[in-house]
Amino acid sequence: QVQLVESGGGLVQAGGSLRLSCAASGRTFSNYAMAWFRQAPGKEREFVATISGGGGSISHADSVKGRFTISRDNAENTVYLQMNNLKPEDTAVYYCAADKSYYYTGDFASWGQGTQVTISS
């Protein structure tokens, strides 16, 4: 069982930056891919980014490509989401998720509790 705890959300102005963190415990962290999702009010949860267990395979959604960067520190059991040039449409609750496999499959073992990101215009 993997436990995930997100942090780093908050309120920033458009054009600003935030870095989200997701600390994991309970399994060997480097054995599984991690992902970030977000859910805006009244909308379905959407994929943001994923990174493989070793960090060598990364993918970002088109909506955040060039602005957001996923990374991980396996020594610290933490995955990050660096968010730059934030837009009001990035406002959402952001969730991290632990995949069941080394590479992203979309089959998740655990989800974090979420952290709110609000971008003011």
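The chain is numbered in sequence order, starting from 1.
- In terms of heavy-atom proximity, Phe47 sits nearest to Ser59 at CZ-O, 3.9 Å.
- Connection of Trp36 to Leu4 is established within a shared hydrophobic cluster, with ILVMFWY side chains joined at heavy-atom distances below 4.5 Å, either directly or through further cluster members.
- More than 12 non-hydrogen atoms from other residues, nucleotides or ligands lie less than 6.0 angstrom from OH of Tyr102.
- Aromatic pair Phe37/Tyr95: centroids not less than 6.0 angstrom apart.
- Judged purely by atom type and a 3.5 angstrom limit, Ser52 uses its side chain to pair as donor or acceptor with the backbone of Ser57.
- Remark: side-chain polar atoms of Asp107 are not paired, donor with acceptor, to backbone N or O of Lys100 under 3.5 angstrom.
- Met34 and Ile58 fall within a single hydrophobic cluster, where Ile, Leu, Val, Met, Phe, Trp and Tyr side chains are chained together by heavy-atom contacts under 4.5 Å.
- In the displayed structure, Gln113 atom CD is contacted under 6.0 Å by more than 12 heavy atoms of other residues, nucleotides or ligands.
- Scanning for side chain to side chain contact (heavy atoms under 4.5 Å, CB included) contacts around Ala97 gives Phe108, Trp111, with sequence neighbours left out.
- Taking CZ from Phe68 and NE2 from His60, the interatomic distance works out to 9.5 Å, rounded to the nearest 0.5 Å.
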What donor-acceptor contacts under 3.5 angstrom involve side-chain atoms of residues 21-32, with partners at least two apart or in another chain?
residue	atom	partner	partner atom	Å
Ser25	OG	Gln3	OE1	3.4

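- Residue Ile51 holds its CD1 atom at 5.5 Å from CD1 of Ile70, rounded to the nearest 0.5 Å.
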Compile the donor-acceptor pairs under 3.5 Å between side chains in residues 75-93 and protein atoms, sequence neighbours left out, one pair per line.
residue	atom	partner	partner atom	Å
Thr78	OG1	Glu76	O	2.9
Gln82	NE2	Asn84	OD1	2.9
Asn84	OD1	Ser17	OG	3.0
Asp90	OD1	Arg38	NH1	2.9
Asp90	OD1	Arg67	NH2	3.0
Asp90	OD2	Arg67	NH1	2.7
Asp90	OD2	Arg67	NH2	3.4
Asp90	OD2	Lys87	N	2.8
Thr91	OG1	Pro88	O	2.9
Thr91	OG1	Ile119	N	2.9

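- Summarising the geometry of Gln1 relative to Ser110, their closest heavy-atom pair is NE2-OG, 4.1 Å, with the distance given to 0.1 Å.
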